Amino acid sequence: MKAYLQQLIYRVKGSYWFIPSLMVFSAIVLSQLTIWIDRTFGNSWLQDYWFTSMNQPDGARALLATVAGSMITVAGVTFSLTILAVSHATSHFGPRLLDNFMRDRGNQITLGTFVATFLYCLLVLRVVRGEAVPESWDLTVEAFVPQLSLFVSLVLTIASVGELIYFIHHVPDSIHISTVLRRLATDMSGKFDELYPETLGIALDEDRDVPVLAKDFLHTVPSSVTGYLQGIDEDELMSFAEEHQAVVRLKKRPGDFVCRSEIIAEVTRTEGWGEDHLDQVRRGFTIGFSRTPTQDVFFILNEFVEVATRALSPGVNDPFTAMQCIDWLSDGLVQLSQRQLPTRYRTDDNEELRIITTEVTRADFVDAMLWQLIPYVRDDRNASQYFVASMKRVIEISNCKTLNELIEETIQTLEESSDRE
């Protein structure tokens with residue numbers, strides 16, 4: 001359940017509609033609140049403030065209609081510019097960066113501000129009344145102009161103008177390659193701080209011998225669906241292992257593609273093993289139709305490599321963007337050299353081995369960050385020289401012998417390829 005909620009939160013945050021919808025709902029509530037205050041307390045108390053003015057019914061209608069019409073027009077232009085920026089960015093940097101732009105708070109708040117202001121003015125406009133009422137109506141309606149609501153509409157209009165000025169600056173800035181890479185680098189650093197399975201149980205002390213299992217892995221858990229493994233619920237799996245005094249060995253890690261009926265976990269001998277046990281273990285795996293960076297740091301690293309390889313393609317021919325990607329990948333390697341990778345053996349509170357995860361090694365990171373990039377860097381002399389110089393700088397900073405040896409191997413391969421040419 002926890003992994004599912006993590007993915008749900010990620011999807012909601014990444015949805016372009018979430019913040020605008022929240023702001024629209026807030027505008028509805030605010031409009032009803034200000035109208036209620038106008039009806040309950042009247043308008044006389046506003047005359048004591050210099051920044052308020054009393055409006056007649058005709059003037060109030062004209063003001064609200066003008067603001068509402070302007071805001072919905074600007075909202076349409078804002079949405080069009082956002083889609084244009086997203087289209088440009090994904091075509092140049094890669095379609096997997098689409099979620100990054102859709103999660104952009106600036107775009108969401110801008111659209112939400114305009115739509116919320118429009119709806120607020122529309123709801124206030126419907127309660128503005130003059131003294132003239134058709135004779136055919138059996139009603140006696142007095143003039144009503146919600147002065148506080150009109151004042152709030154002016155405040156929202158000023159805020160919308162300010163948001164428009166911000167948006168004009170934000171759109172070109174958000175698709176600038178330096179901004180795109182900086183956001184990816186921030187996500188990468190955050191994921192390095194919580195590498196899976198960091199939060200899963202308690203890490204077994206590496207200095208101790210791995211305990212010998214009293215039972216063999218007899219039961220297999222096949223996947224019931226096809227898709228990408230987006231997250232693993234550590235609480236669900238740990239609860240199952242403790243309840244049945246078993247050990248669960250994971251066969252897949254977040255980011256892996258899983259086919260229907262493919263084995264995703266193995267469990268030691270458990271009494272009364274049946275379909276209920278299979279379902280309980282499966283609930284610890286969240287499988288969807290696309291990869292997400294929730295527990296998958298390699299997804300972010302792949303985005304860096306994708307931007308770099310597109311930049312080095314003959315159609316784009318932008319080695320300087322590739323060099324920027326190499327800079328941030330170098331920083332990632334330095335961070336990786338300064339931290340201990342989480343062990344695959346995880347215990348419960350009683351120090352009993354309960355879960356064995358898939359192993360994540362420094363070789364996996366070097367393969368994702370460097371080896372996938374080498375075939376493209378090799379064909380560009382500028383990028384190739386910059387790659388070698390950057391990796392040598394990483395080796396000078398890093399104190400991790402294993403990582404340095406892996407990086408030296410990539411440097412040697414690239415230099416040998418350059419010599420043959």
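The model shown is predicted, which means the values in this text are computed figures rather than measured ones.
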Using only heavy-atom distances, determine whether the side chains of Asp318 and Thr321 contain a donor-acceptor pair under 3.5 Å.
-> yes
For Ala265 and Val281, the nearest pair of non-hydrogen atoms, with its separation, is CB-CG1, 4.2 Å
Lys/Arg-Asp/Glu bridge criterion (N-O < 4.0 Å) met for Arg310, Glu303 | no
Specify whether Trp36 and Phe41 have parallel, tilted or perpendicular ring planes, treating 30° as the upper limit for parallel and 60° as the lower limit for perpendicular.
-> perpendicular
Output yes when Glu236 and Arg282 qualify as a salt bridge under the 4.0 Å nitrogen-oxygen rule, no when they do not.
-> no
If you measure only the distance, is there a donor-acceptor pair under 3.5 Å linking the side chains of Ser178 and Gln324?
-> yes
Taking all non-hydrogen atoms of both residues, which atom of Leu123 and which atom of Arg126 are closest, and how far apart?
-> O-CG, 2.8 Å
Tell me whether the guanidinium CZ or amine NZ of Arg339 lies under 6.0 angstrom from the six-membered ring centre of Phe192 and within 45° of its axis.
-> no
Side-chain contact, heavy-atom cut-off 4.5 Å: Arg253 with Leu229?
-> no
Thr309 versus Val377: any side-chain heavy-atom pair under 4.5 Å?
-> no
Start with the C-alpha gap between Tyr228 and Thr292, add the side-chain angles, then the distance that decides, and say whether side chain to side chain donor-acceptor pair (under 3.5 Å) holds.
-> CA-CA 9 Å; Tyr228 290 94; Thr292 66; over 6 Å; no
CA sep, side-chain torsions, deciding dist, call: Ile355, Thr347, side chain to side chain contact (heavy atoms under 4.5 Å, CB included) | CA-CA 7 Å; Ile355 297 179; Thr347 65; over 6 Å; no
Heavy-atom distance under 4.5 Å between the side chains of Met71 and Cys121, does that happen here?
-> no
Answer yes or no: does atom OH of Tyr166 have more than 12 heavy-atom neighbours from other residues, nucleotides or ligands under 6.0 Å?
-> yes
Polar contact flag, side-chain donor to acceptor under 3.5 angstrom, Thr78-Thr110 = no
Evaluate the side chain to side chain donor-acceptor pair (under 3.5 Å) criterion for residues Arg283 and Gln280: first the C-alpha distance (whole Å), next the side-chain angles of each, then the deciding distance (0.1 Å), finally the verdict.
-> CA-CA 5 Å; Arg283 284 198 295 269; Gln280 189 173 353; 4.7 Å; no
Side-chain contact test, heavy atoms from C-beta onward, threshold under 4.5 Å: evaluate it for Gln372 versus Glu306 and give yes or no.
-> no
Do any pairs count as a salt bridge (charged side-chain N to carboxylate O under 4.0 Å, His left out) and have a residue in residues 160-169, sequence neighbours left out, and if so which ones?
-> none
Evaluate the side chain to side chain donor-acceptor pair (under 3.5 Å) criterion for residues Thr361 and Asp364: first the C-alpha distance (whole Å), next the side-chain angles of each, then the deciding distance (0.1 Å), finally the verdict.
-> CA-CA 5 Å; Thr361 65; Asp364 294 328; 3.2 Å; yes
Answer yes when Lys392 and Glu408 have at least one side-chain N-carboxylate O distance shorter than 4.0 Å, and no when they do not.
-> no
Residues Ile407 and Met391: closest non-hydrogen pair is CG2-CB, 3.6 Å
Side chains of Ser398 and Asn404: donor-acceptor distance under 3.5 Å anywhere?
-> yes
Check: His277 ring centroid to His219 ring centroid under 6.0 Å | no
Residues passing the side-chain hydrogen bond (donor to acceptor under 3.5 Å, both in side chains) test with Glu409, sequence neighbours excluded, are none
What pair of heavy atoms forms the shortest contact from Leu301 to Met188, and how long is it?
-> CD2-SD, 3.6 Å
Contact check, side chains of Leu353 and Tyr345, non-hydrogen atoms, under 4.5 Å = yes
Does the side chain of Val127 come within less than 4.5 Å of Pro146's, by heavy atoms?
-> yes
